[in-house]
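Whatever order the structure lists them in is the order used to number ligands and atoms, beginning at 1. For reference, positions follow the sequence shown, starting with 1.
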Amino acid sequence: MHDKVHQAGVTERVALVTGANKGIGLEIARQLARAGVIVLLGARDRGRASAAVHALAQQGLTAQAVQLDLEDEASIAAAAASIAAEHGRLDILVNNAGIVDAEDGPPSAASIAAVRKIVNTNFVGTLAVTQAMLPLLRRSPAARIVNLSSSLGSLTLNGDPSSPYYSARLIGYNASKAALNMLTVQLAEELRDTPIVVTSVSPGYVKTDLTGHQGFLTAEDGARLPVQHALRGADAVSGRFVEASGDTPW
Ligand SMILES: NC(=O)c1ccc[n+]([C@@H]2O[C@H](COP(=O)([O-])OP(=O)(O)OC[C@H]3O[C@@H](n4cnc5c(N)ncnc54)[C@H](OP(=O)(O)O)[C@@H]3O)[C@@H](O)[C@H]2O)c1
């Protein structure tokens, strides 16, 4: 009874995008809605969620607001319960929400409080959301989990002086994304015998609030690869770390 079924009998996919009130997350929500997916627009602030839903509606796109704060386990549990009640399953989870902190920096100098906060949000919070949504994802015939990682989370590139990412020594942020990549690898292995595909995606350097609107790509461009992997069909390979040019080294 939960499934939204087209006349042709094809079931519409249901996607949750975290941190979808702005930036890359909002663009992912927009592109998934355009692709005909039922989009649950996650945001920690109800007002910001409603404003984003309204902005999509003005373009003729439908999304439903879901209050979800990665730092608040009660909000995560409530979001999972409401998705279960309304949709009965989840086909796509885009773990997009994430932070940087101006007090982050190299290992010798980064604020420990800032590092704790970044890792707690980007890694522990994402793990908590994923755990809570997993029972719903298991009810999908072919669920996709897309983790918004960064090439800054590549252990290999952090140790490669020829890499453009080498000089960005942000121990908190980079470690949070390396840990997120560990989630991708371990979860892909744990779910090996299921149809669920888990992917780490590095979107590129995108002009958003997170980068102070520095970057090479618009949020629309930055959303393309995560959306592509969220919608990937039977050829999807689990446990990969990808950027626009192909596989990224772990
Ligand atoms: N921009 C880039 O160049 C780039 C590159 C590589 C990876 N990424 C990753 O891409 C993702 C999106 O980044 P962005 O550039 O679009 O950043 P952004 O514009 O700053 O958006 C971040 C989103 O995450 C939300 N968020 C932060 N903490 C949260 C929490 N505790 N609970 C729920 N939501 C929370 C924010 O909500 P509020 O509005 O309430 O703060 C916002 O919706 C992040 O994971 C980032 O690390 C970005």
For [atom], closest protein heavy-atom neighbour:
atom: atom 26 (N) of ligand 1; value: Ala97 CB, 3.9 Å
atom: atom 41 (O) of ligand 1; value: Arg44 NH2, 2.7 Å
atom: atom 21 (O) of ligand 1; value: Lys22 CE, 3.7 Å
atom: atom 17 (O) of ligand 1; value: Leu210 CB, 3.3 Å

Side chain to side chain contact (heavy atoms under 4.5 Å, CB included) assessment of Ile92 paired with Leu231: CA-CA 8 Å; Ile92 297 166; Leu231 297 177; 4.1 Å; yes

Which option, [options], owns the non-hydrogen atom nearest [atom]?
atom: atom 48 (C) of ligand 1; options: Val17, Val206, Val129, Ile24; result: Ile24
atom: atom 40 (O) of ligand 1; options: His213, Arg48, Glu71, Glu27; result: Arg48
atom: atom 22 (C) of ligand 1; options: Ala219, Gly47, Gly98, Gly23; result: Gly98
atom: atom 7 (C) of ligand 1; options: Gly25, Ser202, Ser149; result: Ser149
atom: atom 44 (C) of ligand 1; options: Thr18, Asn96, Thr208; result: Asn96

Asp45 contact mode with ligand 1 (heavy-atom cut-off under 4.0 Å): neither

Within the 4.5 Å heavy-atom criterion, are [X] and [Y] side-chain neighbours or not?
X: Leu68; Y: Ile76; value: yes
X: Arg144; Y: Arg13; value: no
X: Leu70; Y: Arg44; value: no
X: Gln31; Y: Glu220; value: yes
X: Leu26; Y: Leu56; value: yes
X: Leu93; Y: Thr130; value: yes
X: Pro249; Y: Leu157; value: yes
X: Asp45; Y: Asn21; value: no

Which atoms of ligand 1 are found less than 4.0 Å from any heavy atom of [X]?
X: Gly204; result: 2 (C), 3 (O), 4 (C), 5 (C), 6 (C)
X: Ser150; result: 6 (C), 7 (C)
X: Tyr205; result: 3 (O)
X: Leu70; result: 30 (C), 31 (N), 32 (N), 33 (C)
X: Leu68; result: 32 (N), 33 (C)
X: Thr211; result: 1 (N), 2 (C), 3 (O)
X: Ile99; result: 27 (C), 28 (N)

Over 12 foreign heavy atoms within 6.0 Å of CD, Glu73: no

Lys207 touching ligand 1 at heavy-atom level, < 4.0 angstrom: no

Please report whether ligand 1 has a polar contact with [X], defined as an N or O pair separated by less than 3.5 Å (distance criterion only).
X: Asp69; answer: yes
X: Tyr173; answer: yes
X: Thr121; answer: no
X: Pro203; answer: no
X: Gly19; answer: yes
X: Asn21; answer: yes

Full working for side chain to side chain contact (heavy atoms under 4.5 Å, CB included) between Ile145 and Thr184: CA-CA 9 Å; Ile145 301 173; Thr184 297; over 6 Å; no

Geometric cation-pi criterion Arg169 and Tyr165, 6.0 Å radius, 45° cone: no

Backbone of Val206 reached by a side-chain donor or acceptor of Thr211 within 3.5 Å: yes

Lys/Arg N to Asp/Glu carboxylate O, Lys117 vs Asp101, below 4.0 Å: no

